[in-house]
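Below is one structure, written out as structure tokens, with a few remarks after it.
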Amino acid sequence: MIWFTEYWTDNVGITFKVKEVKKIKSKYQEIAVLDTLEFGRMLVLDGLVQTTEKDEFIYHEMISHPALFLAKNPEKVLVIGGGDGGTIREVLKHPSVKEVHLCEIDEEVIFIAEKYFPSISFQLKNPKVKIFIEDGNDFLEENKNSYDVIIMDNSDPIGASEVLFKEEFYQKVKNALKKDGIMVAQTESPILQTKYFQNAVREIKKVFRNVGVYLAFIPTYPSGMWSFTIASENVDIFNLKDIDIKNLDLKYFNKEIFKSLYTLPTFVKNLI
Ligand code: SAM
């Protein structure tokens, strides 16, 4: 039996019992598919867990639906990163969405997701989806005033993702949004990656007038407590109206979570 450990910091990690491991090296990163006993198939990039069959719904629902409900009838959505397809799957649950662009730097992630994670990636072939194999940072420069919602579903702020957590980048995101556009980003663990979390929120606040932070519980991400930051220049993101989610087939997000979206523990409030 094989054991795989992801080191969350120098002092702490999480360990999974694994039946089988497949690894490939792409131009950008080492991609591994692990068959774990507890969490099903797991996608690992450069030693860091990206998604697992058992808990992926939490991350993908929570990165998508709050912003999509806040943007009234969004039609055009951009996902940066997210080559596994899980966020695209959630975005397409909203009937108003006519077009989704996916900007993923590493096409191998998409191939692997299509081959080994069909329950996550199946909507990548939907005719509403257009895939761009490009760095998100460059892509945004070519697309101004275009999107109702931009979702930053990228990996941690190291390597190719580092630039995606900087003020200059969020300015490009703002320029790529329509006037009433909304962006949301995964912003790391407040408890184990405190500096990255605080830094991402601070950089987003430099660019957007309205900024809110919310949390979800994701067992396979560092500490389990995960943050997302939502931002808009012109939409009042704190006006959380009643929403109707009954036809969306969701397992985590619901209208009560939406109503109390920005409820944070005191120590997290104090960090931002
Ligand atoms: N759920 C994940 C997490 O927080 O661990 C993120 C999942 S997704 C697989 C992350 C993707 O972002 C990877 O496939 C990676 O190739 C992509 N990525 C990293 N840097 C990027 C960049 N600069 N532009 C576009 N995609 C990028």
Side-chain angles (χ1 to χ4, degrees), residues 6-8 14 24-34 39 41-64 78-91 101-117 120-121 124 130-143 150-166 168-170 172-173 176 183-190 192-193 196-197 200 215-229 252:
E6 173 184 328
Y7 293 96
W8 284 348
I14 185 171
I24 68 149
K25 200 138 181 68
S26 77
K27 195 168 139 202
Y28 295 97
Q29 52 211 341
E30 184 189 81
I31 306 173
V33 178
L34 274 55
F39 284 89
R41 286 224 173 115
M42 174 187 274
L43 177 69
V44 178
L45 299 180
D46 285 339
L48 302 177
V49 177
Q50 303 294 308
T51 200
T52 82
E53 284 177 329
K54 185 168 177 168
D55 70 351
E56 57 88 8
F57 66 96
I58 307 172
Y59 175 86
H60 291 128
E61 289 184 16
M62 288 303 285
I63 200 170
S64 311
L78 169 66
V79 178
I80 296 183
D84 54 64
T87 299
I88 296 280
R89 182 194 65 203
E90 295 306 314
V91 169
H101 290 173
L102 176 74
C103 174
E104 162 64 60
I105 202 167
D106 189 349
E107 65 181 340
E108 295 290 347
V109 174
I110 296 174
F111 299 148
I112 293 283
E114 286 181 326
K115 187 161 178 196
Y116 295 106
F117 297 89
I120 301 177
S121 63
L124 287 171
K130 203 163 169 202
I131 298 178
F132 300 84
I133 302 301
E134 205 176 324
D135 187 321
N137 194 37
D138 302 334
F139 182 80
L140 284 176
E141 290 190 6
E142 301 147 23
N143 293 278
I150 297 180
I151 301 176
M152 304 292 311
D153 182 10
N154 44 264
S155 15
D156 297 335
I158 36 177
S161 255
E162 201 177 345
V163 356
L164 310 184
F165 287 79
K166 300 253 162 70
E168 296 70 32
F169 177 75
Y170 296 123
K172 290 183 195 175
V173 172
M183 79 126 223
V184 60
Q186 70 90 356
T187 44
E188 309 289 301
S189 161
L192 278 186
Q193 296 150 334
Y196 283 141
F197 165 67
L215 302 175
F217 177 73
I218 304 173
T220 55
Y221 284 0
S223 84
M225 176 190 269
W226 207 251
S227 75
F228 300 88
T229 302
Y252 190 95

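Counting starts at 1 for both ligands and their atoms, in listed order.
- No side-chain donor-acceptor contact under 3.5 Å links T187 to the backbone of F197.
- Considering only residues two or more places apart in sequence or on other chains, E104 meets the side-chain hydrogen bond (donor to acceptor under 3.5 Å, both in side chains) condition with none of them.
- Partners of E142 under the salt bridge (charged side-chain N to carboxylate O under 4.0 Å, His left out) rule, at least two apart in sequence or in another chain, do not exist in this structure.
- At a heavy-atom cutoff of 4.0 Å, ligand 1 is surrounded by Q29, L45, V49, Q50, Y59, G81, G82, D84, C103, E104, I105, D106, V109, E134, D135, G136, D153, N154, S155, A160, S161, L164, Q186, Y221.
- With hydrogens and angles ignored, the 3.5 Å screen pairs no side-chain donor or acceptor of Q186 with any backbone N or O of M152.
- In terms of the ring-ring contact (aromatic ring centres under 6.0 Å, His included) criterion, residue partners of F39 (sequence neighbours excluded) are, by chain and number, F16.
- Checked by atom type, the side-chain pair D106/Q29 shows a donor-acceptor distance below 3.5 Å.
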